[in-house]
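Below you'll find the structure, written out as structure tokens, and then a few comments.
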Amino acid sequence: MPALIDLLHIGRQRTRSAAPNPGTDPARSRQADLVDLHLALQERAGCVSLVGAPGSGKTLLAHVVLGWVPPSEGQIQFQGEPLPAGGLGPGQVGWVPTRTPEFGTRLSALHARARQAAPSWDEGIWLVACGDLELRRPGGACNAAERARVALGVACSSRPPLIWLDDPTRDLLAEERAEFDDVLRRVIERLDTTIVIAGRADFVSAQQHWRLDAGRLTVEARA
């Protein structure tokens with residue numbers, strides 16, 4: 001069986017333009033520089049933590065792996081096939097950015113639209129992620145912790161084979177971070193997929209650890 005993601009080679013990779021995906025932080029991404037990188041990410045690999053100092057390339061690695069930024073050298077494959085033009089779509093990857101957006105509609109409408117767009121929508125995962133949020137209030141009234149939970153629900157409830165969280169708890173208070181971690185653990189229990197959570201060496205559900213240091217990636221032993 002082919003790996004979920006095969007990043008066959010990056011010789012040297014720098015960002016040259018603003019981040020291509022909403023919710024990212026272009027200023028931080030431009031600091032990144034990846035060097036001599038190979039990566040094979042298996043299907044149903046459980047939860048992987050990705051750690052590194054600010055500017056080490058965590059967000060850039062996500063953008064390259066998902067096909068939003070082309071690799072400087074080599075090829076990226078997804079389930080044994082070259083990545084399509086434009087990278088992986090919503091049905092193939094669930095993306096939770098560092099700074100989740102202000103949802104400009106009622107959460108009930110967002111939920112209905114997402115459910116219609118994904119025949120594989122899992123109501124149970126949505127309820128775990130967002131069950132105690134008021135779906136009738138405008139999404140813009142949510143605080144940062146609640147927006148992160150909504151983004152998690154949207155990303156995970158269609159059960160994509162890959163879910164990538166780009167340090168969504170970085171700007172949360174300690175108690176908000178603990179609450180999000182509890183929600184994420186319960187979501188993971190319902191999934192049979194591959195989850196990468198950046199910026200969290202302390203996330204207890206992580207089964208494998210990656211480290212970026214000076215742009216070089218080390219895949220460490222399973223926890």
Side-chain angles (χ1 to χ4, degrees), residues 19-26 28-29 46-50 58-59 62-63 66 68 87-200 202-206:
N21 212 54
T24 60
D25 188 340
R28 294 177 68 89
S29 295
C47 185
V48 177
S49 71
L50 169 63
K58 297 186 297 294
T59 297
H63 291 174
L66 303 179
W68 298 334
L88 297 178
Q92 298 168 304
V93 59
W95 173 251
V96 184
T98 301
R99 291 184 174 87
T100 52
E102 297 279 354
F103 299 104
T105 184
R106 293 180 184 273
L107 296 185
S108 54
L110 174 69
H111 175 216
R113 284 207 310 269
R115 186 171 50 189
Q116 290 173 357
S120 58
W121 186 266
D122 189 317
E123 200 73 12
I125 293 175
W126 171 268
L127 290 174
V128 167
C130 308
D132 62 353
L133 298 180
E134 291 287 344
L135 293 183
R136 290 178 295 177
R137 65 172 155 173
C142 293
N143 61 32
E146 292 170 334
R147 292 199 306 272
R149 287 177 56 188
V150 173
L152 178 67
V154 172
C156 294
S157 295
S158 60
R159 288 185 169 270
L162 175 62
I163 297 161
W164 199 296
L165 298 94
D166 192 29
D167 202 2
T169 62
R170 187 181 69 199
D171 298 329
L172 302 186
L173 300 174
E175 58 270 23
E176 295 172 333
R177 186 180 173 111
E179 180 180 351
F180 183 88
D181 283 358
D182 180 61
V183 170
L184 180 56
R185 279 192 293 268
R186 288 186 282 131
V187 167
I188 289 172
E189 289 174 359
R190 292 176 170 266
L191 293 170
D192 182 21
T193 188
T194 299
I195 297 173
V196 178
I197 178 166
R200 297 301 307 275
D202 61 339
F203 186 61
V204 297
S205 293

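Residue numbers count from 1 along this sequence.
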ask   = Measuring from E179:CD to D132:CG, what's the distance to the nearest 0.5 Å?
value = 6.5 Å
remark   = dist D167:CG -> I197:CD1 (nearest 0.5 Å) comes out at 7.5 Å
remark   = Here the pair of heavy atoms bringing F180 nearest to A148 is CE1-O, 3.6 Å
Identify every side-chain donor-acceptor pair in residues 108-115 under 3.5 Å, counting partners at least two apart or on other chains, and give the distances.
{"from": "S108", "atom 1": "OG", "to": "L135", "atom 2": "O", "distance (Å)": "3.4"}
{"from": "H111", "atom 1": "NE2", "to": "E123", "atom 2": "OE2", "distance (Å)": "3.1"}

remark   = Across all chains, not counting sequence neighbours, the side chain to side chain donor-acceptor pair (under 3.5 Å) partners of R177 are none
request  = Indicate yes or no for a side-chain donor-acceptor contact from R147 to the backbone of T100 under 3.5 Å, with no hydrogens or angles considered.
outcome  = yes
task = Rounded to the nearest 0.5 Å, what's the gap from CG on L191 to SG on C47? Could you check?
result = 10.5 Å
ask   = Do the side chains of L184 and T169 get nearer than 4.5 Å, heavy atoms only?
value = no
note = Sorted by chain and number, sequence neighbours left out, side chain to side chain donor-acceptor pair (under 3.5 Å) with D192 holds for none
query = Say you draw a straight line from CH2 of W95 to CD1 of I163; how long is it, rounded to the nearest 0.5 Å?
reply = 13.0 Å
message = Determine whether a donor-acceptor pair (N or O, by modelled atom type, separation under 3.5 Å) exists between the side chain of T193 and the backbone of P160.
response = yes
query = Atom CZ in R149, atom SG in C142: separation rounded to 0.5 Å?
reply = 9.5 Å
key: Side chain proximity check, V154 to W126, heavy atoms < 4.5 angstrom   = yes
message = Main chain of S158, side chain of S120: is a donor-acceptor contact present, judged purely on distance under 3.5 Å?
response = yes
request  = Can you see which heavy atom on C130 is nearest to which on G153, and at what distance?
outcome  = SG-CA, 4.3 Å
key: Nearest heavy atoms of V93 and L66, plus distance in Å   = CG2-CD2, 3.7 Å
ask   = Do you know the tightest heavy-atom contact between G91 and P161?
value = O-CD, 3.9 Å
inquiry  = Could you check whether any side-chain heavy atom of R185 comes within less than 4.5 Å of a side-chain heavy atom of I188, counting everything from C-beta outward?
reply    = no
ask   = Does some side-chain heavy atom of L50 sit less than 4.5 Å from a side-chain heavy atom of V48?
value = no
message = Quick check for you: to the nearest 0.5 Å, what is the distance between T98 atom OG1 and D166 atom CG?
response = 3.5 Å
message = Can you confirm whether V187 sits close enough to I195 that some side-chain heavy atom of one is under 4.5 Å from a side-chain heavy atom of the other?
response = no
W164 side chain reached by L88 side chain, heavy atoms, under 4.5 Å = no
